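From a predicted model like this one, the values you see are computed outputs, not experimental measurements. A, B, ... follow the sequence lines: proteins, then strands. Residue 1 opens every chain.
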Amino acid sequence: MTVRTRFAPSPTGVLHVGGARTALFCWLQARAAGGQFILRIEDTDLERSTAESVQAILDGMDWLGLDYDEGPHYQSQRFERYAAVAEELLAQGKAYRCYCSKQRLEALRAQQMQAGLKPRYDGHCRDGAAGAGETSPVVRFRNPADGTVVFEDLVRGTIRISNAELDDLVIARPDGSPTYNFTVVVDDLDMRITHVIRGDDHINNTPRQINIYRALGAEPPAFAHVPMILGADGARLSKRHGAVGVMQYRDLGYLPQALLNYLVRLGWSHGDQEVFSVAELLERFDVRDVNRKAAAFDPDKLDWLNQHYQRSLPAAEVAGHLAWQFEALGIDAGAGPPLTDLVGVQADRVKTLREMAEQSRVFYQELEGFEAGAARKHLRPVCEPVLRALRERLRDLVDWSPESLNNVVRIVADELEVGMGKVAQPLRVALAGSAVSPSIDRTLWLVGRDRSLRRLDDALEYVVFRAERH
RNA sequence: GCUCCCUUCGUCUAGCGGUCAGGACGCCGCCCUCUCAAGGCGGAAACACGAGUUCGAUUCUCGUAGGGAGCGCCA
């Protein structure tokens, strides 16, 4: 039997990292087995579902590269199907109409809570239409009264829940619209899903769903309940933890490969290996190896992985993502060195592409001036000969390559009999405006000859001016 | 309240009865060095607790404690 999994989000917000990880697990489980991955939008709640959210989910999946073989299917377009199945259940006596008012139900719940009981529907309408009348009824599923539902969860092992804990859940509202526990079952059956992989907040729903499968005369699929993702502080992930949406990570400058790798290792592992290509994951992943414990999201480790991918992925690929950042920050990538050169130099100096773009402005835009502290410390009057010597040689340099540039700096240092630091730091401040930049040869290389000479002129002017004032 | 689930360094994890409890991120120190990084080397750091089972428990069982989830005409 070919493996078929689905990711079934409700479109009530962006695709957050927890959902993305579930989607990733589903995608891997299916594709690793040569099966199919299906996307289904659970938008039965017309009140809360929005088209923007649907788009946000699609965008997130797309950015992560989680493509689907079927779908997206929309539950909102399958109402007739659910109604037909409910009707079928009704006809077979496996479901019944319930006329209980909300007030009665509320009173019942309050009463049960007070008595220290678990709030459950009491089966008032179970054996006959008590008060079939004005109010339009809901349809309730007739849950088995006794016995125990047992299932083998792929990550938790055996889980058993007594039917006595369950009640007759509503499967259709007065207006005929279906409810969650019913639609999942109908859909997973119709879509021939073999492995239901979802958050562990659904463990408690599973027995109810299994009962519905049985009522429908079907065998339930395999279930795998994966733990949720917590914020760095161990509390449930929420907006106050900073970025929770997948696309926010793109905005912050993370590579999709890094986020994917980070997410898959959150809960899943394969020995001591930390870095996995998608191809490797497809070879090794098995949802059975997913951990049972909820995991805290660690931004530092994501940073580390992102840096790893920044320098190990083909520069052209990284440059493509970097171009997006330039765009977002309003920096003209055409006004400086090729982005692939920039990536080669900056990849192991910054954690994110956003940082990379921000710290590369000096190669694409004019300097705002020299940073005060750096200029005071490094652009001293004594530097004048050094800066002049550098300017001369750089002007005449034929081969503007990192190697030649490095030679120039060394030669100047030798000739003036000073250490590298006495040459590189003033030059650095002249070129970058600050005391921090890539190695001096790379900095020269990226700034380019024209800009470098101009900036040296500005620095000389500054140094001379400063000398005169004292 | 009831039911279900979870518990190895700060964090992510390996472990599948006998290990000096391993790796990674982060942190600390040293080295390298033209700045910042990166890199190299080294270090501190964990089996929640209590009973069993066993020659022997991190590992199996049961409790306790602490977390989490569900108990909707939300999904």
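Seen from the ring of Tyr121(A), Arg140(A) counts as a face-on cation partner, given the 6.0 Å and 45° thresholds.
Each ring pair (Phe, Tyr, Trp, His ring centres under 6.0 Å) pair with one or both residues in residues 195-214 of chain A, not counting sequence neighbours, appears once here: Tyr180(A)-His202(A). The ring pair (Phe, Tyr, Trp, His ring centres under 6.0 Å) analysis of residues 404-433 of chain A, with sequence neighbours excluded, yields no pairs.
Among the protein residues, Leu117(A) comes within range of the nucleic acid bases, having at least one heavy atom under 4.0 Å from a base atom. Among the protein residues, Gly267(A) comes within range of the sugar-phosphate backbone only, with heavy atoms under 4.0 Å from sugar or phosphate atoms but none that close to a base. Within 4.0 Å of Arg292(A), counting heavy atoms only, lie sugar-phosphate atoms of the nucleic acid but no base atom. Within the 4.0 angstrom heavy-atom criterion, only backbone atoms of the sugar-phosphate kind lie near Arg311(A); the bases stay farther away. In this structure, His202(A) reaches the bases: a heavy-atom distance under 4.0 Å links it to at least one base atom across the strands shown. Nucleic acid contact class of Thr44(A) (heavy atoms, under 4.0 Å, all strands): sugar-phosphate only.
Shown here, A69(B) forms a base pair with U3(B); the pair counts as Watson-Crick or G-U wobble because both key distances fall under 3.5 Å. Using N1 to N3 plus N6-O4 or O6-N4 for Watson-Crick, or N1-O2 and O6-N3 for G-U wobble, each under 3.5 Å, G10(B) pairs with C25(B).
Between the side chains of Tyr254(A) and Asp303(A), at least one donor N or O lies within less than 3.5 Å of an accepting N or O. Residues Asn211(A) and Asn143(A) bring a donor and an acceptor atom of their side chains to less than 3.5 Å of each other. Between the side chains of Gln75(A) and Asp187(A), at least one donor-acceptor pair of N or O atoms lies under 3.5 Å. Side-chain contact of Arg265(A) with Asn261(A): a donor-acceptor pair under 3.5 Å is absent, judged by distance alone. Counted by atom type alone, Arg428(A) and Ser437(A) present one or more donor-acceptor pairs between their side chains at under 3.5 Å.
Heavy-atom distances under 4.0 Å link RNA chain B to Ser10(A) of residues 5-23 of chain A, given in residue order.
Ring planes of Phe151(A) and His225(A): perpendicular class, angle over 60° (limits at 30 and 60°).
Among G68(B), G26(B), A75(B), the nucleotide with an atom closest to any side-chain atom of Arg48(A) is A75(B). The side chain of Gln75(A) sits closest to A75(B) out of A75(B), C4(B), G26(B). For Ala295(A), the listed nucleotide lying nearest its side chain is U13(B); candidates were C34(B), C25(B), U13(B). For Asp298(A), the side-chain atoms get nearest to C25(B) when compared with the rest of C4(B), C12(B), C25(B). The side chain of Lys293(A) lies closest to C12(B) when the candidates are G26(B), A14(B), C12(B).
One can place CG of Leu305(A) at 9 Å from C1' of A24(B), the figure rounded to the nearest angstrom. His225(A) has its NE2 atom 12 Å from the P atom of C6(B), to the nearest Å. In this structure, the CZ atom of Phe182(A) is 13 Å from the P atom of A75(B), given to the nearest Å. Here U13(B) presents its P atom at 10 Å from CD of Glu274(A), a figure rounded to the nearest Å. The CG-P distance, from Leu266(A) to C25(B), rounds to 16 Å in whole Å. The CD-P distance, from Gln273(A) to G23(B), rounds to 16 Å in whole Å. Distance Leu166(A) CG to G70(B) C1': 11 Å, rounded to the nearest Å. Straight-line distance from the NZ atom of Lys422(A) to the P atom of C34(B): 13 Å, rounded to whole Å.
For Glu355(A), the side-chain contact (heavy atoms from CB on, under 4.5 Å) partners are Val350(A), Lys351(A), Thr352(A), Gln359(A), not counting sequence neighbours. For Ala375(A), the side-chain contact (heavy atoms from CB on, under 4.5 Å) partners at least two apart in sequence or on another chain are Phe370(A), Leu379(A), Tyr462(A). A search for salt bridge (charged side-chain N to carboxylate O under 4.0 Å, His left out) contacts involving Glu152(A) returns nothing, not counting sequence neighbours. Lys377(A) meets the salt bridge (charged side-chain N to carboxylate O under 4.0 Å, His left out) test with no other residue; sequence neighbours excluded. Take Asp201(A) and apply the side-chain contact (heavy atoms from CB on, under 4.5 Å) test, not counting sequence neighbours, and it matches no residue.
Taking atom P on both nucleotides, A21(B) is separated from C16(B) by 14 Å, rounded to a whole Å. Between C25(B) and G66(B), the two C1' atoms lie 26 Å apart (nearest whole Å). When the C1' atom is used for both A51(B) and G42(B), the distance is 42 Å, rounded to whole Å. Going from the C1' atom of C73(B) to that of G15(B) covers 48 Å, rounded to whole Å.
Between Glu280(A) and Arg284(A), at least one side-chain nitrogen of the basic residue sits less than 4.0 Å from a carboxylate oxygen of the acidic one, meeting the salt-bridge criterion. A salt bridge does not link Arg48(A) to Asp43(A): none of the charged side-chain nitrogens sits closer than 4.0 Å to a carboxylate oxygen. Using a cutoff of 4.0 Å between basic side-chain nitrogens and carboxylate oxygens, Arg97(A) and Glu87(A) are scored as salt-bridged.
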Taking only nitrogen or oxygen atoms into account, show me every contact under 3.5 Å that the protein makes with nucleotides 61-67 of chain B, one pair per line with its distance.
none

With the criterion being N/O to N/O and under 3.5 Å, what pairs connect the protein with nucleotides 35-37 of chain B, and how long is each?
unit_1 : atom_1 : unit_2    : atom_2 : d
U35(B) : O4'    : Gln425(A) : OE1    : 3.2
U35(B) : O4'    : Gln425(A) : NE2    : 3.4
U35(B) : O2'    : Ala435(A) : O      : 3.1
U35(B) : N1     : Arg428(A) : NH1    : 3.4
U35(B) : O2     : Ala435(A) : O      : 3.4
U35(B) : O2     : Ser437(A) : N      : 2.9
U35(B) : O2     : Ser437(A) : O      : 3.1
U35(B) : N3     : Arg428(A) : NH2    : 3.1
U35(B) : N3     : Ser437(A) : O      : 2.5
U35(B) : O4     : Arg428(A) : NH2    : 3.3
U35(B) : O4     : Pro438(A) : O      : 3.4
U35(B) : O4     : Ser439(A) : N      : 2.9
C36(B) : O2     : Arg349(A) : NH1    : 2.1
C36(B) : O2     : Arg349(A) : NH2    : 2.7
C36(B) : N3     : Arg349(A) : NH1    : 2.7
A37(B) : O2'    : Asp348(A) : O      : 2.6
A37(B) : O2'    : Arg349(A) : O      : 3.3

Which atoms of nucleotides 71-73 of chain B (N or O only) lie under 3.5 Å from a protein N or O atom, and what are those distances?
unit_1 : atom_1 : unit_2    : atom_2 : d
C71(B) : O2'    : Pro119(A) : O      : 2.6

Nucleotide N/O of nucleotides 18-22 of chain B paired with protein N/O under 3.5 Å:
unit_1 : atom_1 : unit_2    : atom_2 : d
G22(B) : N2     : Asp272(A) : OD1    : 2.8

Apply side chain to side chain donor-acceptor pair (under 3.5 Å) to residues Gln346(A) and Ser360(A) and explain how you reach the verdict. CA-CA 8 Å; Gln346(A) 298 282 53; Ser360(A) 298; 3.0 Å; yes

